[in-house]
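Please read the structure below before turning to the comments.
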Amino acid sequence: GRRQRQMCIRDRVYTVIQSLTDNGLTEFKPGHIADRLRETGQPMLTWEIRGELARLEAAGLVSADERTGAYRLSDTARKAS
């Protein structure tokens, strides 16, 4: 149902974040994620991506820089990868 769909979206967003950071990007914005999802034929709206980033931040997996609007993979998430 809805909960399973949300987990799937979160997994997709998190997988893209891991891919971006594995390729050397230390900071990313929702647009980076949207571009990668579009390239792989899985487009998402920016507000959906922002919502998932907020959930990932609440879970301690990413952190936001309020000054720049960029996100970083948290140290905790990096160690778990």
Side-chain angles (χ1 to χ4, degrees):
R2 182 174 182 210
R3 185 175 173 87
Q4 188 175 14
R5 181 186 181 297
Q6 251 184 335
M7 287 304 293
C8 182
I9 291 171
R10 185 169 308 143
D11 290 345
R12 268 195 292 164
V13 170
Y14 191 62
T15 299
V16 168
I17 290 168
Q18 288 177 313
S19 172
L20 291 170
T21 57
D22 287 348
N23 288 316
L25 199 62
T26 56
E27 292 188 334
F28 52 89
K29 292 188 176 185
H32 292 112
I33 298 166
D35 289 346
R36 183 63 59 89
L37 287 168
R38 207 171 12 264
E39 289 167 6
T40 60
Q42 305 174 67
M44 280 179 69
L45 298 171
T46 303
W47 67 266
E48 290 179 297
I49 294 169
R50 287 185 189 281
E52 291 311 314
L53 286 168
R55 288 183 186 93
L56 291 168
E57 186 175 19
L61 297 172
V62 299
S63 59
D65 182 331
E66 293 178 17
R67 188 176 45 82
T68 65
Y71 290 82
R72 298 176 72 95
L73 197 58
S74 73
D75 291 338
T76 305
R78 252 187 251 112
K79 289 175 188 168
S81 305

Do the non-hydrogen side-chain atoms of I33 and T46 ever get within less than 4.5 Å of each other? no
Compare all side-chain heavy atoms of D65 with those of R72 and state whether any distance is below 4.5 angstrom. no
From L53 atom CG to S63 atom OG, the distance as rounded to the nearest 0.5 Å: 11.0 Å
Give a yes or no answer on whether the side chain of E48 reaches the backbone of L45 with a donor-acceptor pair at less than 3.5 Å. yes
Checking I49 against L37 for the side chain to side chain contact (heavy atoms under 4.5 Å, CB included) test, could you report, in this order, the C-alpha distance in whole Å, the side-chain angles of both residues, the deciding distance, and whether it holds? CA-CA 10 Å; I49 294 169; L37 287 168; 4.3 Å; yes
To the nearest 0.5 Å, atom CG of L61 lies from atom CZ of R55 at 13.5 Å
Do R36 and N23 make a side-chain contact, defined as non-hydrogen atoms from C-beta onward lying under 4.5 Å apart? yes
Quick one: are L73 and L20 in side-chain contact, heavy atoms under 4.5 Å? no
Taking all atoms of both residues into account, what is the closest heavy-atom pair of G60 and S74, and its distance? O-OG, 2.7 Å
How far apart are the closest heavy atoms of G69 and K29, and which atoms are they? O-CG, 3.9 Å
Mind checking whether Y71 and P30 have side chains closer than 4.5 Å, heavy atoms only? yes
Any non-hydrogen side-chain atom of H32 less than 4.5 Å from a side-chain atom of I17? no
